[in-house]
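Lettering follows sequence order; numbering is per chain, from 1.
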Number of protein chains: 2
Amino acid sequence: MKLSTKGRYGLKAILDLALHSADGQITLNSIAERQGLSESYLEQLFAALKKAELIKSIRGPQGGYMLADDPENISVGDILRALEGSMAPTDCVAENGHHDLCDSSDRCITRGVWEKIRDGINNVIDNISLQELIDDYYRNNKKRAPDNA
Amino acid sequence: MKLSTKGRYGLKAILDLALHSADGQITLNSIAERQGLSESYLEQLFAALKKAELIKSIRGPQGGYMLADDPENISVGDILRALEGSMAPTDCVAENGHHDLCDSSDRCITRGVWEKIRDGINNVIDNISLQELIDDYYRNNKKRAPDNA
DNA sequence: CTAATACCAAGTAAATTACTAGGGATTACC
DNA sequence: GGTAATCCCTAGTAATTTACTTGGTATTAG
């Protein structure tokens, strides 16, 4: 029941993007360097974020990524689901369609538990916006200038 | 972010135990057959449940397992944590000790999110008792007799 | 034209999962 | 006291998943 590096790295990376993209697009390479992550691995994560329309990109020299919307309109839930697929604890209660019959064709006896866990998780992550993480960041790093963060 | 078969099979199995052990101990073999699970794999899961003192066992012929306490005193959280280790979404916020420095020695910027997810999950699973699952079961299976469940 | 960037697909090593195998220990029953 | 049913324990292993890397192509500013 652990998050994969997709969710962990991806949230860190998009937060880094949010903290640095006020003045326009920023490159994957700069995010990778600041966060100590592999650039080519981040490419895959950003492809998923872009597919979910959470970020936009500009190609060519001076190109880069930026948020597709204001940070208060992007939730941690949007981000994690884009990266992890679904945050449901079992496939049989995943939001995305194909949860073929849970068990031997009859309703799974523990299904209600998985649904409650899924809803509990979604309730948490859908109520944290990227803006809140930005605010938290500045609250915890008062002494550093934004461009140095 | 998916539960492993330990958690899924284990919860099913202990619920099966709870539903059938009113009259004393029942064998792993009978649980495995009813639930369509491997008996030898269940052995490992029951070893974990026993270590967590959620179940008791009697050895020898006519032996078997039974709950260590009344089902209203056993929570789904107790069961899942016994089986999965911790339900925290990352090691760095797991309840069990050793979460060595989250990141490059300074506080991880996304840690607050993982803590909230962890607390959200625990809040759900610690507030569902095995008794509630038993009640749910009978509510959904009114037509079947308890001994046939 | 060149170089910097995003974009894409496929391959791969390591780790984890989900078991199985092969026993041993205990004890009711005859 | 022998037998067989049961719990108990350790280690092995095949399959799957993860966490990347590799080796490109496409786009575009300068």
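- Spacing between atom NZ of A:Lys56 and atom P of C:dC7 amounts to 13 Å, rounded to whole angstrom units.
- With a 6.0 Å radius and a threshold of 12 heavy atoms from other residues, nucleotides or ligands, B:Glu53 has its CD atom at or below the threshold.
- Minimum interatomic distance between B:Gly10 and B:Leu83 (heavy atoms only, all atoms of both residues): CA-CD1, 3.6 Å.
- Toward the 5' end of DNA chain C, the nearer of the two residues A:Asn29 and B:Ser4, judged by each one's closest nucleotide, is A:Asn29.
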Should A:Lys2 and B:Ser86 be marked as a side-chain contact (heavy atoms from CB on, under 4.5 Å) after you check the CA-CA gap, both sets of side-chain angles, and the distance that decides it?
CA-CA 9 Å; A:Lys2 291 286 176 283; B:Ser86 159; 4.3 Å; yes
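- B:Gln131 and B:Asn73 share no donor-acceptor pair across their side chains, judged by distance under 3.5 Å alone.
- Formation of a donor-acceptor pair under 3.5 Å by the A:Thr110 side chain with backbone atoms of A:Val113 is not found in this model.
- The two residues A:Thr5 and A:Leu45 come nearest to each other via the heavy atoms O-CD1, 4.5 Å.
- For the pair A:Glu84 (side chain) and A:Gly7 (backbone), a donor-acceptor distance under 3.5 Å is present.
- Straight-line distance from the CD atom of B:Glu39 to the C1' atom of C:dT20: 13 Å, rounded to whole Å.
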Give me, pair by pair, the N or O atoms of the protein and of nucleotides 13-15 of chain C that are less than 3.5 Å apart, along with how far apart they are.
none

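- Distances were taken from every side-chain heavy atom of A:Thr5 (C-beta onward) to each of C:dC7, C:dT20, D:dA19; the shortest belongs to D:dA19.
- Proximity note for B:Ser38 (side chain, C-beta onward) versus C:dC19, C:dA18, D:dA19: the nearest is C:dC19.
- Note: NZ (B:Lys2) to C1' (C:dA18) measures 18 Å, nearest angstrom.
- One can place CG of B:Leu49 at 14 Å from P of D:dC7, the figure rounded to the nearest angstrom.
- Distance CG (B:Leu42) to P (C:dA18): 13 Å, rounded to an integer number of Å.
- C:dT17 atom C1' lies 13 Å from atom CG of B:Leu3, rounded to whole Å.
- No side-chain N or O of B:Tyr9 forms a donor-acceptor pair with one of B:Ser4 less than 3.5 Å apart.
- For the pair A:Lys6 and D:dT18, the criterion of a side-chain N or O lying under 4.0 Å from OP1 or OP2 is not met.
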Nucleotide N/O to protein N/O under 3.5 Å, stretch nucleotides 9-14 of chain D:
residue : atom : partner : partner atom : Å
D:dC9   : N4   : B:Glu43 : OE1          : 3.0

Indicate for each nucleotide in nucleotides 25-30 of chain D, in 5' to 3' sequence, whether protein heavy atoms under 4.0 Å reach the base (B), only the sugar-phosphate (S), or nothing (-).
-BBBB-
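- Among residues two or more places apart in sequence or in another chain, the side-chain contact (heavy atoms from CB on, under 4.5 Å) test is passed with A:Glu132 by A:Ile128, A:Ser129.
- The nearest whole Å value for the distance from the CD atom in B:Gln25 to the P atom in D:dC7 is 9 Å.
- Annotation: of the two residues near DNA chain D, B:Met1 and B:Ser57, the 5′-most nearest-nucleotide partner is B:Ser57.
- Look at A:Tyr65 and you won't find any side-chain N or O under 4.0 angstrom from OP1 or OP2 of C:dT5.
- Although no hydrogens or angles enter the test, the distance criterion places no donor-acceptor pair under 3.5 Å between the side chain of B:Lys50 and the main chain of B:Ser57.
- Between the P atom of C:dA18 and the CD atom of B:Gln35 lies a distance of 17 Å, rounded to the nearest Å.
- Residue pairs that meet the salt bridge (Lys or Arg N to Asp or Glu O under 4.0 Å) test with at least one member in residues 116-127 of chain B, sequence neighbours left out, are B:Arg81-B:Asp126.
- Annotation: side-chain contact (heavy atoms from CB on, under 4.5 Å) contacts of B:Asn29 (sequence neighbours excluded): B:Thr27, B:Glu33, B:Glu39.
- Listed pair A:Tyr41 / D:dT18 fails the phosphate criterion, with no side-chain N or O lying under 4.0 Å from OP1 or OP2.
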